[in-house]
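Chain letters run A, B, ... following the sequence lines, proteins first, then strands; residues in each count from 1.
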Amino acid sequence: DVKVTQSSRYLVKRTGEKVFLECVQDMDHENMFWYRQDPGLGLRLIYFSYDVKMKEKGDIPEGYSVSREKKERFSLILESTSTNQTSMYLCASSLWGVHGSNQPQHFGDGTRLSIL
Amino acid sequence: AQKVTQAQTEISVVEKEDVTLDCVYETRDTTYYLFWYKQPPSGELVFLIRRNSFDEQNEISGRYSWNFQKSTSSFNFTITASQVVDSAVYFCALRRMDSSYKLIFGSGTRLLVRP
């Protein structure tokens, strides 16, 4: 089974702090994704990466950056947190390529981040 | 533009009732994929089913069944004889058949199954 592990289930930070959310997958997937989930809005894509050191903006990249130095790890960085970044953050991974186009994304348990 | 609408915000049923979760999508693509995910209270999204736009056959898996109708742009999900463990948020999602891999999610339907 695919395992996507997010480093923290719950985090509480203060406005202006720098936050790193880490995600690791164990299935050698090329694609990795970061979403945020808010009530009534579903999941919205922040960034995704299709290879090491490669990244593309999703629908709501403002206020976030990402890092992918190794294939199995994808980090989401909040440089200076604000209260509107309080949310559930979900990481996912999937295969790439001709065999990957119809493959589902596999999700981690999520990190519930509260910014005070 | 692509869009997924799950008009039912929350549904409450009593155990053993059947329940249908609606999903309506919009896309200009002629080929695409549709997905359903389940999010139990633990938080992890669990993949349930994928359907490609070529295949309009309905699918049944145990107590779960899916009705895909391209003519009405709907991909509805029915749980037969619901159980308390079915309580979760269910998301419908759409993806293009290209290299973008971007999933467009609906806002989700929270299902509560009461004993």
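Linking Ile, Leu, Val, Met, Phe, Trp and Tyr residues whenever their side-chain heavy atoms come within less than 4.5 Å leaves Leu21(B) and Leu45(B) in two separate clusters. Phe68(B) is not connected to Leu103(B) by any chain of hydrophobic side-chain contacts under 4.5 Å among Ile, Leu, Val, Met, Phe, Trp and Tyr, and they are in different clusters. Taken together through direct or relayed side-chain contacts under 4.5 Å among Ile, Leu, Val, Met, Phe, Trp and Tyr, Leu78(A) and Val66(A) form part of one hydrophobic cluster. Taking hydrophobic clusters as Ile, Leu, Val, Met, Phe, Trp and Tyr residues chained together by side-chain heavy-atom distances below 4.5 Å, Leu48(B) shares a cluster with Val19(B). No chain of hydrophobic side-chain contacts below 4.5 Å, direct or via other Ile, Leu, Val, Met, Phe, Trp or Tyr residues, connects Val46(B) to Ile79(B).
Ring pair Phe47(B)/Phe107(A): centre-to-centre distance not below 6.0 Å.
Looking at Arg9(A), the atoms closer than 4.5 Å to chain B (heavy atoms on both sides) all sit in the side chain, from C-beta outward. Of the atoms belonging to Tyr35(A), it is side-chain heavy atoms, and not backbone ones, that fall under 4.5 Å from chain B. For Gln6(B), no part lies near chain A; criterion is any non-hydrogen pair under 4.5 Å. When heavy atoms are compared at a cutoff of 4.5 Å, Leu90(A) approaches chain B solely by way of its side chain, counted from C-beta outward.
Pro104(A) and Phe35(B) get closest at one heavy-atom pair: CA-CE2, 3.9 Å. When all heavy atoms of Gly40(A) and Ser107(B) are compared, the closest pair comes out as O-CB, 3.4 Å.
Side chains of Gln37(A) and Phe105(B) form no contact here, defined as non-hydrogen atoms less than 4.5 Å apart.
To the nearest 0.5 Å, the span separating SG on Cys91(A) from CD on Glu44(B) amounts to 11.5 Å.
Counting heavy-atom pairs closer than 4.5 Å to chain A, the top-ranked of the candidates Ala93(B), Gly43(B), Gly108(B) is Gly43(B). Between chain B and the options Leu43(A), Leu45(A), Asp38(A), the largest number of non-hydrogen pairs under 4.5 Å is found for Leu43(A).
Around the NZ atom of Lys70(B), the shell of radius 6.0 Å holds more than 12 heavy atoms that belong to other residues, nucleotides or ligands. The local environment of CZ in Arg112(A) is sparse, with at most 12 non-hydrogen atoms from other residues, nucleotides or ligands closer than 6.0 Å. In Leu116(A), the CG atom is crowded: over 12 heavy atoms of neighbouring residues, nucleotides or ligands sit closer than 6.0 Å.
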